[in-house]
Number of protein chains: 4
Amino acid sequence: MAGINKVILVGNLGKDPEVRHLEGGVSVASFTLATNDHYKDKQGNRVERTEWHNITAWRGLAEMAEKYLKKGQQVYIEGKIRTRQYQDKDNQTRYITEIVADEISMLGGRPQGDGPTAQDQVQVQMSAEETPQTFRQEPELNQLPF
Amino acid sequence: MAGINKVILVGNLGKDPEVRHLEGGVSVASFTLATNDHYKDKQGNRVERTEWHNITAWRGLAEMAEKYLKKGQQVYIEGKIRTRQYQDKDNQTRYITEIVADEISMLGGRPQGDGPTAQDQVQVQMSAEETPQTFRQEPELNQLPF
Amino acid sequence: MAGINKVILVGNLGKDPEVRHLEGGVSVASFTLATNDHYKDKQGNRVERTEWHNITAWRGLAEMAEKYLKKGQQVYIEGKIRTRQYQDKDNQTRYITEIVADEISMLGGRPQGDGPTAQDQVQVQMSAEETPQTFRQEPELNQLPF
Amino acid sequence: MAGINKVILVGNLGKDPEVRHLEGGVSVASFTLATNDHYKDKQGNRVERTEWHNITAWRGLAEMAEKYLKKGQQVYIEGKIRTRQYQDKDNQTRYITEIVADEISMLGGRPQGDGPTAQDQVQVQMSAEETPQTFRQEPELNQLPF
DNA sequence: TTTT
DNA sequence: TTTT
């Protein structure tokens, strides 16, 4: 019985979080996260590899993501793996695997990319100073709301 | 930069591991792992949910999986998330997400199901006594061999 | 700033949990957990090593530990490291490091040892069937109550 | 059997690593790491709490620590808990709990504090750019060398 | 003081 | 397709 399904990621946001507000006041944020890895191939060359993860955050965590997370930013994410099934346009069953976040923590990196201006930066820095920088989901509140 | 991509699972094998031997003597084991979860819905009812993970183990770990792991067995797995791209029969790009195991540890549960007979059980128990029950992949050896 | 302090253990209880009830109705359970490890020494001999951890569980988790956990049982524990300072009998400052549990999950192993009788076993099994077998602490409720 | 003893930390170095070179060419680095946490007390006030961890890194990881890690720097560390016993000056048995690192990854933060000068900083930045920024210990090589 |  |  007793199962464990835990994911720990440290990586950079591929884009600003996108937040949807569902009926009933529930919010969901989604964004991609890149984790960079490297290994030596048979010739001893260093090969870079980027893995892209689909991150989903619910309710309070979604609002925090919307407020504080930006494209390029480095974050620590703890969550669980969830594979959803859906029908594509040709009515074929497809699967998508996502990480449902339970905890998000902003790391030392500064946001980057074309999104936020320097002005925004300051804004983010100031807000972040006034608030906790680790956000945690209440257990069992990251379930689908239906 | 410095990325972390780590998965920790405790669950039960959905089937016996399937092992392929690639050219160059490299072996790959694959099996599914169920992690069971439960939560309370809005009516307060207990809802069970099973997440199925595709596990891949390379080289030494593959051989260990082949030797010691059976359908139904409870294991601890540590690894990383990897999403592969492939073309389906209609030449459409599809994605499959797998967990590449770095460490597999057999937990207290006894194997079950139609596979192993009582005789096999004893066999497994005996072998297990003579060997470590946690198997670890050498770092960077679980890369695709091509 | 944003810190992470996370421990993941799979091991066996060295004794039955001991539960204290503090003023204000707060309960604290404590027990030791053995994690067994092995490595090869320079001569290639297999060396066993047992690490003993001091586990502390608060409130709801303490009550679950009291009810369901027994000496010898195999459990998964997630928590954080906490080092406390105290004065010993000679008024010297000493330190003790504990793991404060956030989640405890019972694994496949059956309890053992002189403690529980077969009767107790059945009792535990039955109760366990009626309840979730993973117990989680609400975030931030595992703080010292003073 | 099969035990798991895993620690994951994200925090800041309390001082530059101190490296000792043992007979046989084995090196050991040690430093402290602060993980910052916060919680709300009964009055709803935000309380900061810093946990200090004793980190030990062996061999290759020790050399990496010596080269690249500085006081104040933010790092991700994965390792295991190890409690050592020793006799203090009054011949009393005492215990010290350490984290033996298996993997250290430098995060986005810039070093800080009175230690390194701006000059050193550049040095560190440049070197870091030319090398992998995640360092991993070969399994079982972080054992005590005696 | 646990477990295999 | 697992497990309790």
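Letters A, B, ... mirror the listed sequences (proteins, then strands); counts begin at 1. Predicted model, so just to flag it, every value in this text is computed and none were measured.
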**Student:** Between C:E63 and C:S27, do the side chains contain an N or O donor and an N or O acceptor separated by less than 3.5 Å?
**Tutor:** yes
**Student:** C:Q85 and C:T93: side-chain donor and acceptor closer than 3.5 Å?
**Tutor:** no
**Student:** How many whole angstroms separate atom CD1 of C:I55 from atom C1' of E:dT1?
**Tutor:** 13 Å
**Student:** Rounded to whole angstroms, how far apart are CD on C:E48 and C1' on E:dT3?
**Tutor:** 10 Å
**Student:** Stacking between B:W52 and F:dT2, defined as ring centres under 5.5 angstrom apart with planes under 30°, is that present or not?
**Tutor:** no
**Student:** Using whole Å, what does the distance between atom C1' of nucleotide E:dT3 and atom CE of B:M106 come to?
**Tutor:** 13 Å
**Student:** Excluding sequence neighbours, so at least two apart, what forms side-chain hydrogen bond (donor to acceptor under 3.5 Å, both in side chains) with C:E78?
**Tutor:** A:K6, C:K6, C:Y76
**Student:** Atom CZ of B:R49 and atom C1' of F:dT3: how far apart are they, to the nearest Å?
**Tutor:** 16 Å
**Student:** Expressed in angstrom and rounded to an integer, what is the separation of C:E51 atom CD from E:dT3 atom C1'?
**Tutor:** 15 Å
**Student:** Between the base of F:dT2 and the side chain of B:N36, is one N or O donor paired with an acceptor at under 3.5 angstrom?
**Tutor:** yes
**Student:** Quickly work out the C:D37 CG to E:dT3 P distance and round it to whole Å.
**Tutor:** 18 Å
**Student:** Can you tell me the distance, in whole Å, between the CG atom of C:N12 and the C1' atom of E:dT3?
**Tutor:** 4 Å
**Student:** Check the distance between E:dT4's C1' and B:Y68's OH and give it to me in whole angstrom.
**Tutor:** 13 Å
**Student:** Between B:Y86 and B:Y95, is the ring centroid distance below 6.0 Å?
**Tutor:** no
